[in-house]
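These numbers were taken from a predicted model, which means no experiment stands behind them.
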Amino acid sequence: MIERDGHVRALRRLFSNNSVIVLLGPRGAGKTTLSREFAQRSRSNSYLFDLGSAEDRSRLDDPELTLSNLQGLVVLDEIHRAPHIIDVVRRLLARPWNPARFLVLSSIVPDRLRQRLESLSEYAANYELPGLQPAELPVPQANVRWLRGGLPASYSAGSDSESYEWRERYVRDFLERDIHRLTSNAPTARIERFLVMLAHCHAQVWNGSELARSLGVSHHTARRYLNILESAFVVRTLKPWRANLPRRQVKSPKVYFQDTGLLHYCLGISSLRDLERHPRSGASWEGFVLENLIRVLGGEDTEFYFWAAHTGAKVDLIARSGRQLRGFEIRRTSAPRITRSVRSALEDLSLTRMDVVHAGPASFPLSRRTRAISAERLHEEV
């Protein structure tokens, strides 16, 4: 078992100022394991309700009656299966004296649940649990994590084939349990097809009309499917940065799979040998590095974009924090250099600095405002 003590400490810090922590993240990221570990370390009483279990849902048939007398830590796992309980939690928190703290878990946040969770904002803080990060691994193996993704069971599997088989079961179960009912009971085979099509569009600008035609649905339906997968932390849509320039700029978002293990399953890639030879290998690596960058840079006031002009100039990731605007180019090469596109972006977008993230082992300056950073050293140098 991989220890995730940093997340336990983060939850403890958040609880010092909040009565509720909303723990979000993809299914299989380890939220349930983390909540149980946190409960075990808690000095107070703890009560765990798994709303994916019929038995626990029956225990909460009258949630106000069940929860109102509890003191200590109350864990509500898979809250998306009984979102009405959020309304009860809000009423309990409004009492003059509240003896309970709530740890609320969800692996999917559709709009209705999001609205309910926002009603807790006076009392709550959100915390997103990602897949395994390099700093959490005793001996980081970047290529293994790139191939298998960061979901703990996939990364820790005994072999690449076992990991691939686990992801196959994961996707099937995820589509049948979580996604089917959110897509108005659309056939599971259709959603799986959409997922595979989306994998082939990873790291590309969203073209809903083309996907919709291939799938035989309207572009509105294709966009709804995308929004559902985004609410389940499967994909990320990156908005375009709009600069005040005379040239035409890309206005549609780019789409990335958040976990490369799921991406590779959808592309039928089961080994590093297959990955290196696959035509989407470069796009996969771009998404892998981009997610790592977002995790390293991610703060409450940081926003992320990409930028592209129709002339070909582009920036893979722009991080905006206050007045600072940092750009990142991601290249799977061991010999990074300053290109015309990098120079153009630095001047046209008035970037504070530009980093070129590459696959080589060393980091070094390229110019006054440009630096080459090894992807292996992001946590140290970004």
Side-chain angles (χ1 to χ4, degrees), residues 24-29 31 50-54 57 77-84 105-116 131 148-149 151 153-154 161 163-237 252-270 278-280 283-284 287:
L24 305 172
R27 189 175 182 194
K31 297 184 299 300
D50 178 4
L51 297 169
S53 156
R57 284 199 302 272
D77 198 355
E78 296 205 46
I79 195 65
H80 55 278
R81 297 186 179 280
H84 64 280
L105 283 59
S106 187
S107 56
I108 185 165
V109 189
D111 289 340
R112 289 183 181 178
L113 177 59
R114 189 177 300 279
Q115 291 166 6
R116 278 188 155 111
R148 301 184 184 182
L151 298 180
S154 178
S161 60
S163 171
Y164 188 85
E165 289 166 6
W166 182 88
R167 280 173 275 147
E168 182 179 23
R169 293 190 299 272
Y170 173 96
V171 169
R172 184 169 57 247
D173 195 34
F174 165 72
L175 292 176
E176 292 174 354
R177 286 188 61 193
D178 293 336
I179 300 301
H180 181 65
R181 61 190 178 84
L182 292 174
T183 53
S184 304
N185 297 323
T188 302
R190 180 197 294 170
I191 307 304
E192 187 170 11
R193 223 178 120 217
F194 176 78
L195 194 63
V196 171
M197 289 179 179
L198 204 59
H200 287 273
C201 302
H202 170 84
Q204 293 182 5
V205 173
W206 166 251
N207 187 336
S209 298
E210 182 178 337
L211 270 176
R213 281 195 300 271
S214 300
L215 202 60
V217 298
S218 71
H219 70 278
H220 294 294
T221 299
R223 181 70 208 204
R224 184 163 60 87
Y225 290 171
L226 178 69
N227 290 344
I228 289 168
L229 291 174
E230 188 171 17
S231 75
F233 307 95
V234 173
V235 300
R236 178 188 301 279
T237 57
S252 297
K254 287 178 76 173
V255 179
Y256 291 89
F257 270 61
Q258 289 199 33
D259 184 82
T260 50
L262 297 183
L263 169 69
H264 297 153
Y265 167 72
C266 292
L267 293 174
I269 298 170
S270 59
H278 199 278
R280 302 298 296 156
S284 168

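Among residues two or more places apart in sequence or in another chain, the side-chain hydrogen bond (donor to acceptor under 3.5 Å, both in side chains) test is passed with R81 by E78, D178. Partners of K254 under the salt bridge (Lys or Arg N to Asp or Glu O under 4.0 Å) rule, at least two apart in sequence or in another chain, are E286. For T188, the side chain to side chain contact (heavy atoms under 4.5 Å, CB included) test picks out L175, E176, H180, with sequence neighbours left out. The side-chain hydrogen bond (donor to acceptor under 3.5 Å, both in side chains) search around R172 returns none, not counting sequence neighbours. Considering only residues two or more places apart in sequence or on other chains, H202 meets the ring-ring contact (aromatic ring centres under 6.0 Å, His included) condition with Y256. Every residue two or more places apart in sequence or in another chain that forms a side chain to side chain contact (heavy atoms under 4.5 Å, CB included) with A82 is listed here: L51, H84, I85. Applying the ring-ring contact (aromatic ring centres under 6.0 Å, His included) criterion to F233, with sequence neighbours excluded, gives no partner residue. The side chain to side chain contact (heavy atoms under 4.5 Å, CB included) test applied to E165 returns R169, not counting sequence neighbours. For W166, the ring-ring contact (aromatic ring centres under 6.0 Å, His included) partners at least two apart in sequence or on another chain are Y170. Listed by chain and residue number, nothing satisfies the side-chain hydrogen bond (donor to acceptor under 3.5 Å, both in side chains) test with T260 (two or more places apart in sequence, or in another chain). Scanning for side-chain hydrogen bond (donor to acceptor under 3.5 Å, both in side chains) contacts around T237 gives E230, with sequence neighbours left out.
Taking every heavy atom of both residues into account, S107 and R27 meet most closely at CB-N, 3.7 Å. Looking at every heavy atom in both residues, K31 comes nearest to G25 through NZ-O, 3.1 Å. The nearest pair of heavy atoms linking F174 to A232 is CZ-CB, 3.8 Å. Contact detail for A222 and G208: the closest heavy-atom pair is CB-O, 4.1 Å. Contact between S106 and I108 at its shortest, heavy atoms only, is OG-O, 2.6 Å.
Checking S163 against R167 by side-chain atom types alone, a donor-acceptor pair falls below 3.5 Å.
For the pair S284/L263, a side-chain contact is recorded, criterion being any heavy-atom separation below 4.5 Å from C-beta on. At a threshold of 4.5 Å between non-hydrogen side-chain atoms, the residues L113 and P83 count as touching. Looking at Y265 and S154, their side chains never come closer than 4.5 Å, going by heavy atoms from C-beta outward.
Within the model, atoms CG of D77 and OG of S53 stand 10.5 Å from one another, a figure rounded to the nearest 0.5 Å. Between atom CG of residue L24 and atom NE2 of residue H80 there is a gap of 11.0 Å, rounded to the nearest 0.5 Å. Interatomic distance, H278 NE2 to L267 CG, rounded to the nearest 0.5 Å: 5.0 Å. In this structure, CG in N227 is found 11.5 Å from CG in L182, a value given to the nearest 0.5 Å. For the atom pair NE2 of H264 and OH of Y164, the computed distance is 11.0 Å after rounding to the nearest 0.5 Å. Atom OG of S209 sits about 11.5 Å away from atom CZ of R223, to the nearest 0.5 Å.
At least one donor-acceptor pair under 3.5 Å links the side chain of T183 to the backbone N or O of I179.
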Output side-chain donor-acceptor pairs under 3.5 Å for residues 190-200, partner residues at least two apart or in another chain, one line each.
residue: R190; atom: NH1; partner: Y225; partner atom: OH; Å: 3.0
residue: R193; atom: NH2; partner: S214; partner atom: O; Å: 2.7

